[in-house]
Structures are given as structure tokens and as C-alpha cells.
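Beneath this line is the structure, given in C-alpha cells, with notes to follow.
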Amino acid sequence: MQSSNVIVIDHPVIQTKLTELRDYTADHRKFRALLDEIASLMVYEVTRDWPTTPKPVQTPLERTTGKVLARQVTLVPILRAGLGMADGVLKLLPEARMGHLGVYRNESTLEPVSYYQKLPPDIASTEVLLIDPMLATGGSGAAAVSFLKKAGVTSMKFVCLVAAPEGIDALHRAHPEIPIYCAAIDRELNEKGYILPGLGDAGDRIFGT
Ligand code: PRP
Ligand code: URA
């Protein structure tokens, strides 16, 4: 399903795992395993339109021309919760470089606070996947995209699990050209900025804090 630069990957296997993930009885071990699996499954859809380049290959029978990804890949999790998706993505894109952006929300203002940045030096020439399971107010995502643009990134996708309509609007207002991939668009934010029905605090559930 796709509308205005938002792609909802509503594959039945992903939806089944997302439902298990939402369940409050899933402990951090189960939560991590499910998040890892969903992130892997999402990669197929997220990377579908990446350009390829021809590459000669010698099979056991003859020489032919195959295809490989045209550009290197950089995976950028937003700390902390984005780390929960990283291994799942790396299973399918093991050559990817990784950058890290530390951003947390101020609990009362909900404004993003950036506290750490480390990117590969050649990130500007790569395909970038910015990953974070939750897009709530959109503040953290928008701040991370701004930082990556300043680093020269021109090809980037935002990949999350659960998005709130408010977060999609905010990210699109700030960065309309950045595609958002998610497994679900939930109903709304509550007064504390949590996504409803959501899955709670992703970082706490991943790390058991
Ligand atoms: C969570 C989540 C996003 C952010 C989304 O991080 O992982 O980064 O909230 O909210 P927003 O769209 O309103 O900015 P959190 O601030 O809880 O930090 P943590 O991952 O370190 O726990
Ligand atoms: N961050 C989370 O981890 N969960 C939410 O519902 C909103 C922001």
C-alpha cells in the first residue's frame, strides 16, 4: 500500500509478527527476536527500487552478465531503539557500513535532543537507510534526516515499524522527498506522545530497561 511517499508493508507474515510484538506479554528476548525478523523481511520491499549495475560473472558453464547494487549501502540506526532493527537489516545487506545517530526525546517537551553522531566518511555517495522502530511526533526522525542531509546524503529512506499520522505529517513537512516505510500506521498519539495502539516504549522493551 502506498500513498504520498508513505509505503506500508502490509505483508501477512510481517503483520503476524507485528501483532506478536505489540503484545505486552512479549519479554525483551522475544521482542528483540521479532523486531530482528521484521526488519529483515522489510528489507526486500525497502530496497526494491535501488539501481543495479551490470557485472560480468563466470558460471561453471559460461560467461554471462549479472547485476549488483550500483551503490554502497549505509545503515543508520537512531539510538537506542534503531539498534534493535540493525542486525535484521544487516542479515540481508551484510556489506553495509553503519553510522550512528544518538537522539532522545525530552520527556516533557517531546523535542528531540541529539547527543551522538558518527558517520562513515563517504556516506554522501551511498544509499542510506535510516532506521528507528517508532515515528511518533516525528521530531527525532526529522532531526536525524537534517543531520544526514548536512553530511551530504542525497539518497535516503526512513524505515520504521509503527508510524503515527502526526509523525508522518511532521516528517513530510520537514522533508517531503524522503520516503517513509513502515509496517503500520497507527491511530494517534496520546498526551504523552506515545503511539496508540502502538507497542509501548520500543527502547525499553528491546533493552529491558
Ligand atoms: C523513541 C524512538 C524514536 C523516538 C520517536 O526514542 O525510538 O527515536 O522515540 O519519537 P518522536 O517521533 O516523537 O521523536 P526515545 O526518545 O524513547 O529514545 P531511546 O530510543 O533512547 O529510548
Ligand atoms: N517512542 C516509543 O518508543 N514509543 C512510542 O509510542 C512513541 C515514541
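Computed over heavy atoms, backbone and side chain alike; hydrogens, waters and symmetry mates excluded. Just so you know, ligand 1 is whichever comes first in the structure, and atom 1 is the first atom listed for that ligand. In what follows, residues are counted from 1 in the order of the sequence shown.
- The Gly193 neighbourhood of ligand 2 comprises atoms 7 (C), with distances under 4.0 Å to a heavy atom of that residue.
- The option with the heavy atom closest to atom 14 (O) of ligand 1, from among Ser140, Ala143, Ala136, Gly82, is Ser140.
- Using a 4.0 angstrom heavy-atom cutoff, Gly193 does not count as in contact with ligand 1.
- For a threshold of 3.5 Å applied to N or O pairs, the pair formed by Ile195 and ligand 2 contains at least one separation below that value.
- An N or O contact shorter than 3.5 Å is missing between Gly203 and ligand 2 by distance.
- Counting the atoms of ligand 2 from 1 in the order shown, those under 4.0 Å from a heavy atom of Gly200 are 2 (C), 3 (O), 4 (N), 5 (C), 6 (O).
- Comment: Asp87 does not engage Arg32 in a salt bridge, judged by the lack of any side-chain N to carboxylate O separation of less than 4.0 angstrom.
- Checked by distance only, ligand 1 and Gly141 stay at 3.5 Å or farther apart across all their nitrogen or oxygen atoms.
- Heavy atoms from other residues, nucleotides or ligands lying under 6.0 Å from CD of Glu107 number 12 at most.
- Pro77 places a side-chain heavy atom less than 4.5 Å from the side chain of His100.
- Short contacts between ligand 2 and Arg105, defined as distances under 4.0 Å to a heavy atom of the residue, involve ligand atoms 7 (C), 8 (C).
- Residue, atom and distance of the protein heavy atom nearest to atom 5 (C) of ligand 2 are Tyr194 CD2, 3.5 Å.
- Atom 22 (O) of ligand 1 has Arg80 NH2, 2.8 Å as its closest protein atom, hydrogens excluded (heavy atom only).
- In terms of N/O distances under 3.5 Å, ligand 1 is approached by Ala81.
- Distance check on atom 6 (O) of ligand 1: every protein heavy atom falls at or beyond the 4.0 Å cut-off.
- Between Thr47 and Leu92, every side-chain heavy-atom pair lies at or beyond the 4.5 Å cut-off.
- Ranking the protein heavy atoms by distance from atom 17 (O) of ligand 1 puts Asp201 OD2, 4.0 Å first.
- Protein heavy atoms are absent from the space less than 4.0 angstrom from atom 1 (C) of ligand 1.
- In this structure, Asp132 has a heavy atom closer than 4.0 Å to ligand 1.
- The 12-atom threshold is not exceeded at NZ of Lys55, counting heavy atoms of other residues, nucleotides or ligands nearer than 6.0 Å.
- Ligand 2 places these atoms under 4.0 Å from at least one heavy atom of Ala136: 7 (C), 8 (C).
- We find that Lys17 and Asp36 are not joined by a salt bridge, their nearest charged nitrogen and carboxylate oxygen being 4.0 Å or further apart.
- Counting heavy atoms from C-beta on, the side chains of His172 and Ile180 come closer than 4.5 Å.
- Closest to atom 13 (O) of ligand 1, if we only count protein heavy atoms, is Thr137 OG1, 2.5 Å.
- Annotation: side chain of Asp23 is not in contact with side chain of Lys30 (no heavy-atom distance under 4.5 Å).
- Residue Met98 is tested with Thr74, Val76, Leu75 for a side-chain contact (heavy atoms from CB on, under 4.5 Å); the sole match is Leu75.
- Counting heavy atoms under 4.0 Å from ligand 2, residue Ala202 touches it through both backbone and side chain.
- Two residues are said to be in side-chain contact when any heavy atoms from C-beta on lie closer than 4.5 Å; Leu130 and Ile178 fail this criterion.
- Contact of the Leu101 side chain with the Ser114 side chain is not registered, since no non-hydrogen atoms from C-beta on lie closer than 4.5 Å.
- Nearest protein heavy-atom contact of atom 15 (P) of ligand 1 is Arg105 N, 4.3 Å.
- Grouping the Ile, Leu, Val, Met, Phe, Trp and Tyr side chains by contacts below 4.5 angstrom, directly or via other members, places Phe31 apart from Tyr24.
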